Amino acid sequence: MNSMTGQANTVNLQGNKACALGAVAAGCRFFAGYPITPSSEIAENLAKELPAVGGVFLQMEDEIASMAATLGASMGGIKAMTATSGPGFSLKQENLGYGMGAEIPCVVVNVMRGGPSTGLPTRPAQGDIMQTRWGTHGDHPVIVLAPGSVEEIYQQTARAFALSEKLRTPVIVLFDESLGHLVETVALPDVADYEKTVRKWATGKPEDYKPYHGDADGVPPMARPGDGFRVHTSGLTVAENGFPTQKPHEVDALMKRLLGKVALNNDLIESFEAVECKDAEVVIVALGVVGRAARKAVKELREAGIKAGLFRPVTLWPFPTESFRKQTAKARHIIVAEMNAGQLIHEIAEVKTGKQKVTGLNRYDGVPISPVDIKKTVKEVLGHE
Amino acid sequence: MAKAKKQNPVLVPESKKLDPANMTEPVNILVVGVGGQGVIMVSKVLAQICQNLGYQVKQSEVHGMAKRGGVVFSHVRFGQQVWSPTIPVGKADVLIALEWAEGLRWMNYLRPDSGVFIADTKRIVPPFACRSRALGAEIGYSKDTPDDVKAKVCEAFAIDATEMAAKAGNERAANTLLLGALSTTLTFPTSEWKEVIARMVPPKTVDVNLSVFDQGQKWIDGSRRGEPVEGGAFVPLVQPEVNPERTMLEITAEWCKGCDICVKMCPERCLVLNKDQVAELAEPEKCTGCHICEWLCPDFAISLNPVSQEAAE
Amino acid sequence: MNKQVALKADDAKKTADGKEFNIRDYLRLDLFPHFMCPGCGHGIALRALLWAIHEQGIDKDKLAVVCGIGCSGRVGGYIDANTFHTTHGRPLAYATGLKMARPDLHVVVITGDGDCLAIGGNHLIHAARRNLDITCLMLNNEIYGMTGGQGSPTTPRDRFTTTTPAGNREPVFDACKLAEAAGAGYVGREVTIHLPRLRDLIAGGLAHKGFSFIEVMSDCTEVNGRKNDLGSSPEMVLGQTRTMRPPDYEYDSNVVDHPFRPSGLHTGVFVQSDRPEYGAAYRDMSEKLQQGRTKP
Ligand SMILES: Cc1ncc(C[n+]2csc(CCOP(=O)(O)OP(=O)(O)O)c2C)c(N)n1
Ligand code: SF4
Ligand code: SF4
Ligand code: SF4
Ligand SMILES: [Mg+2]
């Protein structure tokens with residue numbers, strides 16, 4: 001019992017540590033990483049946690065190797081994860097794409113810091129929103145979860161494992177330095193269901209098994225080495241039997257299924273938070289830590305008689321388009337508040353259906369967007385009408 | 001282009017030669033073969049001539065991983081205005097094949113009503129040509145004869161270009177011989193062709209190349225006029241024999257790439273490459289069963305059968 | 001430490017469980033003939049590997065072959081086992097994750113001179129340092145074969161490649177020395193023409209508990225051979241040593257006279273050490289921690 005909150009099972013927890021604990025609770029038994037601020041605490045915590053539960057912790061020689069080793073472990077059949085920040089995330093891209101193409105479950109955490117290049121290692125930013133979507137080359141399916149609190153980091157990291165196992169694809173967990181280093185009192189949510197979710201294993205006769213033939217949900221069962229299937233895994237474009245193909249119809253079928261499996265399972269993937277959107281004239285779109293400032297701003301604006309609302313995608317990619325459209329149906333204004341020079345705003349401008357005017361609120365000075373910034377922009381927007 | 005339609009399936013009158021100056025659509029020439037044959041050189045020469053004559057040219061190529069035996073093809077399109085670099089199926093005016101089976105594979109690219117098929121009868125059995133890769137299966141290399149082909153396209157020429165070029169002194173000039181054949185389908189002046197060829201081939205081989213170019217032209221012209229032409233006979237591919245009684249040494253002909261390693265490494269000199277470049281045990285009685293050929297065959301095409309080895313002892 | 005292997009008549013009958021080695025038991029036959037060029041040494045290296053696997057009695061279901069990108073990287077796909085064709089230069093990193101996750105699998109890496117020493121050089125050093133139980137075969141054809149013949153970190157001086165049109169002036173890596181210095185538990189080199197010795201070298205690597213690095217001198221007949229007038233396929237294989245006759249397998253010196261390396265190329269086992277294997281060391285620590293945690 002926590003004396004402050006009166007709740008059971010509450011702890012004071014840092015965001016990065018919550019990420020590590022959420023992973024272990026979801027059944028993660030492998031981590032490979034390379035030190036980088038502001039994500040190192042995830043590795044440090046897992047270095048302690050994993051061997052104690054019979055899992056593997058590896059500090060690799062760089063982020064490329066970390067991503068590769070994570071995929072290698074997952075192909076061996078265990079839940080695996082890696083974590084990094086901007087420069088390291090860039091290095092992981094080629095192999096991340098391998099995971100998406102060869103359909104290998106794993107979780108990749110990116111704790112964002114200011115960029116470009118080495119940028120602001122200890123300051124928060126949201127400059128990787130588009131890199132998480134388009135970072136690796138070629139068309140590829142993407143799932144990105146963007147928690148907005150320490151508790152959500154714990155929960156969404158665990159959920160990332162479940163989604164990645166279920167859909168046989170890497171899932172990215174995206175938050176920023178300020179959340180990673182934030183310590184708050186949290187009640188740890190129950191993630192037992194996520195822990196129970198494991199990929200579909202191939203069964204039946206090995207000679208009938210096609211490693212890249214999707215079931216009704218678009219996801220093919222995976223063969224575990226040692227179970228007698230002896231399959232081939234490749235980064236080349238493959239036919240259903242797992243061997244390379246260049247036949248246009250086979251390539252087309254593979255790509256349609258690969259890209260389609262995310263769309264097909266959108267109900268499972270989608271998640272967002274909507275605050276006071278129903279009658280809102282102004283809807284603020286904010287991600288992660290900015291959602292916190294926006295929530296406060298909405299409350300204060302409402303108190304001042306301004307009909308403001310908040311739409312916070314928790315699943316960043318695929319963007320919860322339909323829900324967003326519903327929530328902003330009544331709005332005249334959409335303000336996209338993000339800690340970058342304008343990335344999410346492009347998606348919003350593309351998916352909005354009404355006549356809403358879209359305005360960007362951007363900060364990229366290493367300082368989080370504050371409720372004051374948001375209120376000011378809302379008032380400016382309404383005043384300028 | 002529709003103008004080029006004609007009834008007679010065999011002879012193309014001079015006047016029906018392709019003349020991009022009088023055509024609204026681009027002329028489409030498809031050149032195919034396998035790596036190492038000079039497909040790219042054919043399309044380069046053609047593209048250069050078109051450029052010299054003031055046409056727009058687009059040329060796109062695909063090499064099969066830069067390996068011998070890999071498929072190589074090149075699309076050449078030229079005319080007053082050319083947009084896309086690739087030729088759609090059924091739109092090629094001429095298909096030049098430096099290798100017989102490759103030609104057959106691409107035949108559906110030819111215009112059904114007016115396309116001209118010009119192919120070297122040279123057969124390079126590439127791994128890809130094996131229709132069934134099951135052990136002991138027959139080589140699935142196309143068995144279509146030139147007559148079969150003629151029935152399928154508007155006009156077809158099967159020339160022993162490689163053999164003729166070899167006789168003229170350089171096997172590698174076969175592609176120039178085919179250029180000579182190609183030149184008969186276009187209105188471009190012969191001098192223009194020769195000038196570009198002379199510039200593009202290695203200096204030492206200019207004479208050979210120009211002479212086989214003439215041969216190619218003459219061959220087509222002659223055969224169009226119905227004259228008997230030499231070097232057009234079709235050479236069928238011989239199926240390598242598989243001895244039904246398992247010999248001590250077994251060669252999986254479908255896997256052999258004719259690298260010659262086994263032949264040269266056999267201490268007893270009992271292996272040879274047959275005329276299809278497939279290893280054969282020519283003198284079984286000399287074979288000692290030493291395994292060297294089996295071990296060093298990079299394609300696992302040789303196995304020594306231990307059962308019969310014991311029987312032989 | 002050098003291992004001498006003589007070619008004997010009964011070499012061919014070496015067995016595991018008394019069963020004769022038949023390479024077709026280990027191949028995905030429906031993919032044959034394979035894609036490699038006529039005479040390519042990678043095929044011979046593959047035979048040696050499969051033979052060694054047979055000799056060691058390794059179950060195909062428990063065999064994981066992790067490859068990089070290149071002609072060498074395509075070799076693994078022909079093996080009837082759990083095969084992984086990964087990204088360029090990274091197979092050792094993938095294999096590290098796989099082996100740590102699944103210590104029950106035999107993990108073999110097949111890589112090329114470019115894959116292993118250029119783009120993947122860092123992973124080689126650290127795999128050797130960790131000394132995790134992986135057998136790494138580097139097929140050294142002294143060139144980038146797959147991409148059409150560019151210079152690699154092992155391209156000898158004066159050799160012509162598409163990126164060294166006037167002859168190579170960059171010095172080469174001695175990959176075995178590199179692996180040895182970085183801590184690999186088992187290091188050796190062999191040429192493909194000495195197939196039985198290559199097989200035994202690999203078998204030694206498979207049996208060794210720790211990181212085994214085996215450099216296989218392989219002929220790229222099509223690109224390297226042609227560009228440098230190294231002769232026909234048999235001439236290239238023959239060039240690896242002085243003579244081909246069986247008695248010549250029994251020789252005293254372990255130096256193969258390599259026509260492209262006037263100084264001579266050392267072959268054989270160079271290192272066989274009992275440095276602790278990392279996987280076992282890690283699991284030992286993990287077990288102690290688990291006991292500590294379950295104790296009240
Ligand atoms: C990141 C990346 N860079 C470059 C390439 C292109 N590439 C493919 S294979 C190869 C070289 C392979 O050479 P080597 O490892 O020596 O193998 P070989 O083909 O000679 O057996 C290169 C550079 C690639 N696939 N990926
Ligand atoms: S087994 Fe020996 S003797 Fe017989 S063909 Fe092969 S190399 Fe020659
Ligand atoms: S070594 Fe093998 S591939 Fe080469 S010629 Fe002999 S049988 Fe054919
Ligand atoms: S290019 Fe060289 S290395 Fe590649 S398959 Fe051909 S001969 Fe072998
Ligand atoms: Mg190489």
Side-chain angles (χ1 to χ4, degrees), chain A residues 29-32 47-80 82 93-99 101-102 104 106 206 223-236 238 241-244, chain C residues 28 30-31 35 59-67 69 73-74 76-105 107 119-120 122-123 125-127 129-130 132 278-279 282-283 285-290 292-294:
Chain A
R29 288 298 177 269
F30 184 96
F31 178 93
K48 213 185 303 161
E49 297 294 327
L50 282 174
V53 294
V56 175
F57 170 87
L58 267 177
Q59 179 172 329
M60 294 300 285
E61 50 272 21
D62 58 32
E63 285 88 347
I64 301 175
S66 311
M67 187 71 239
T70 301
L71 292 168
S74 176
M75 292 191 284
I78 63 178
K79 291 185 182 177
T82 180
Q93 293 303 331
E94 187 198 6
N95 289 295
L96 182 55
Y98 181 92
I104 303 162
C106 69
R224 195 193 337 240
D227 286 0
F229 289 89
R230 300 199 299 274
V231 299
H232 184 58
T233 307
S234 179
L236 287 164
V238 294
N241 64 6
F243 291 97
Chain C
R28 291 176 167 142
D30 47 350
L31 300 181
F35 87 102
D59 176 4
K60 291 194 286 186
D61 280 333
K62 291 283 184 190
L63 172 65
V65 183
V66 186
C67 294
I69 299 285
R74 294 291 283 269
Y78 294 100
I79 305 175
D80 184 18
N82 306 283
T83 53
F84 304 92
H85 183 219
T86 65
T87 51
H88 191 31
R90 319 299 171 198
L92 280 171
Y94 276 86
T96 300
L98 182 60
K99 182 68 188 180
M100 287 300 284
R102 290 290 302 275
D104 60 315
L105 298 176
V107 179
I119 189 166
N122 199 27
H123 308 309
I125 300 170
H126 290 278
R129 173 180 64 81
R130 269 184 214 105
L132 188 60
Y278 181 62
Y282 179 89
R283 284 186 292 281
M285 170 203 62
S286 170
E287 265 155 37
K288 289 200 174 110
L289 285 171
Q290 285 176 72
R293 186 159 271 213
T294 45

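Because the structure is predicted, anything quoted here is derived from the model rather than measured. Each chain gets a letter, A, B and so on, in the order the sequences are listed, and its residues count up from 1.
With a threshold of 4.5 angstrom between heavy atoms, C:R130 approaches chain A through side-chain atoms but not through N, CA, C or O. Only the side chain of C:M285 comes within less than 4.5 Å of a heavy atom in chain A; its backbone stays farther off. Of the two parts of C:Y282, only the side chain, counted from C-beta on, holds a non-hydrogen atom closer than 4.5 Å to a non-hydrogen atom of chain A. The contact between A:F57 and chain C is made by backbone and side chain atoms together, counting heavy-atom distances below 4.5 Å. For A:V56, the parts lying near chain C are the backbone and the side chain together; criterion is any non-hydrogen pair under 4.5 Å.
Side-chain contact check for C:H123 and C:R90: at least one donor-acceptor pair (N or O, by modelled atom type) lies under 3.5 Å. Donor-acceptor pairing under 3.5 Å is recorded for the side chains of C:R28 and C:T83.
Figure legend: cation-pi geometry between A:R224 and A:F229 absent, as NZ or CZ is not positioned both under 6.0 Å from the six-membered ring centre and within 45° of its axis.
Counting heavy-atom pairs under 4.5 Å between each of C:D104, C:T96, C:D80 and chain A puts C:D80 at the top. When the candidates C:K99, C:M100, C:E287 are compared by the number of heavy-atom contacts under 4.5 Å with chain A, C:M100 comes out ahead. Contact tally against chain C (heavy-atom pairs below 4.5 Å) for A:G228, A:S74, A:G242: the top residue is A:G228. In terms of heavy-atom pairs under 4.5 angstrom with chain C, the leader among A:G235, A:P225, A:P244 is A:P225.
Heavy atoms only, all atoms of each residue included: C:L98 and A:G72 are closest at CD1-O, 3.3 Å.
Separation of atoms OG1 (A:T70) and CE (A:M75) is listed at 10.5 Å; rounding is to 0.5 Å.
Side chain of C:D61 to main chain of A:G226: no donor-acceptor pair is present (N/O by atom type, distance under 3.5 Å, no hydrogens or angles). Looking only at distances, a side-chain donor or acceptor of A:D62 sits under 3.5 Å from a matching main-chain atom of A:A65.
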